[in-house]
Amino acid sequence: QVQLVESGGGVVQAGGSLRLSCAASGRTFSSYTMGWFRQAPGKEREFVAAITWSGGRTYYADSVKGRFTISRDNAKNTVYLQMNSLKPADTAVYYCAADWFYGSNWSPAYWGQGTQVTISS
């Protein structure tokens, strides 16, 4: 089992950047696929990005490709989401997630509590 704690959210102007972090507990962190989801007010939670256990493969939602970068540091049990060129539409609660494998319609078993990201226009 793994526990996830997000940090790094905040309020940023459109066009700005933020980096989210997700610290994981557990000795098997390096074995998990890690990812980020987000949920805007009144909308369903949606996939943002994922990274395999080695960092060798990354996956992104079309809406964030070219603007967001997911990375991980297995030595620090941490996964990051670098968000650039932020738009008001990126405003949401961002959740860190983990599971053994990544697949289509990915529904991870483990979730963090979320961190609020607000982009002002």
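Throughout, numbering of the chain's residues begins at 1 and tracks the sequence. Computed from a predicted structure; not experimentally measured.
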Practice item. Mind running side chain to side chain contact (heavy atoms under 4.5 Å, CB included) on Leu20 and Thr115 for me, showing each step along the way? Key: CA-CA 8 Å; Leu20 305 182; Thr115 186; 4.1 Å; yes
Review point. Please walk me through it: do Ile70 and Thr58 pass side chain to side chain contact (heavy atoms under 4.5 Å, CB included)?
Key: CA-CA 7 Å; Ile70 189 170; Thr58 56; 3.8 Å; yes
Practice item. Take Phe47 and Phe37 through the ring-ring contact (aromatic ring centres under 6.0 Å, His included) test and state the conclusion after the steps. Key: CA-CA 4 Å; Phe47 170 78; Phe37 287 72; 5.6 Å; yes
Point to revise | Tyr95 and Gln39: CA distance, side-chain angles, deciding distance, side chain to side chain contact (heavy atoms under 4.5 Å, CB included) verdict | key: CA-CA 8 Å; Tyr95 297 90; Gln39 187 167 19; 4.2 Å; yes
Check your understanding: Can you list the steps and then say if Tyr32 with Trp100 is a ring-ring contact (aromatic ring centres under 6.0 Å, His included)?
Key -> CA-CA 5 Å; Tyr32 286 97; Trp100 291 108; 4.4 Å; yes
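Asn84 places no side-chain N or O within donor-acceptor distance of the main-chain N or O of Ser17, the cut-off being under 3.5 Å. Looking only at distances, a side-chain donor or acceptor of Thr91 sits under 3.5 Å from a matching main-chain atom of Ile119.
Taking every heavy atom of both residues into account, Pro108 and Ala98 meet most closely at CB-O, 3.5 Å. Across Leu4 and Gln113, no two heavy atoms sit closer than the pair O-OE1, 3.6 Å. Nearest heavy atoms, Ser107 versus Asp99: O-OD2, 3.8 Å. The minimum heavy-atom distance between Val2 and Ala24, with the atom names listed, is CG2-CB, 3.7 Å.
Contact of the Phe101 side chain with the Thr52 side chain is not registered, since no non-hydrogen atoms from C-beta on lie closer than 4.5 Å. Side-chain atoms of Tyr60 and Val48, non-hydrogen and from C-beta on, never get closer than 4.5 Å to each other. Side-chain atoms of Met34 and Cys96, non-hydrogen and from C-beta on, do get closer than 4.5 Å to each other. Looking at Asp90 and Arg67, their side chains come closer than 4.5 Å, going by heavy atoms from C-beta outward.
Between the CD atom in Gln82 and the CG atom in Leu18 there is a gap of 8.5 Å [rounded to 0.5 Å]. To the nearest 0.5 Å, atom CD1 of residue Ile51 and atom CH2 of residue Trp36 are 12.0 Å apart. With rounding to the nearest 0.5 angstrom, the OG atom of Ser120 is 5.0 Å from the CD atom of Gln13. Going from atom OG of Ser21 over to atom CG of Leu81 covers 9.5 Å, rounded to the nearest 0.5 Å. Of the inter-residue distances, the one linking Asn77 atom CG with Ser30 atom OG reads 7.5 Å to the nearest 0.5 angstrom.
A donor atom on one side chain and an acceptor atom on the other are not found under 3.5 Å apart for Tyr80 and Arg19. Between the side chains of Thr78 and Asp73, no donor N or O sits under 3.5 Å from an acceptor N or O.
Cluster annotation: Trp111 and Val79 are assigned to distinct hydrophobic clusters (Ile/Leu/Val/Met/Phe/Trp/Tyr, side-chain heavy-atom contacts under 4.5 Å, transitive).
Residue Val64 forms a side-chain contact (heavy atoms from CB on, under 4.5 Å) with just one option from Arg38, Lys87, Glu46, and that option is Arg38.
Geometrically, Arg72 does not engage Trp53 in a cation-pi contact defined by less than 6.0 Å to the ring centre and at most 45° from the axis.
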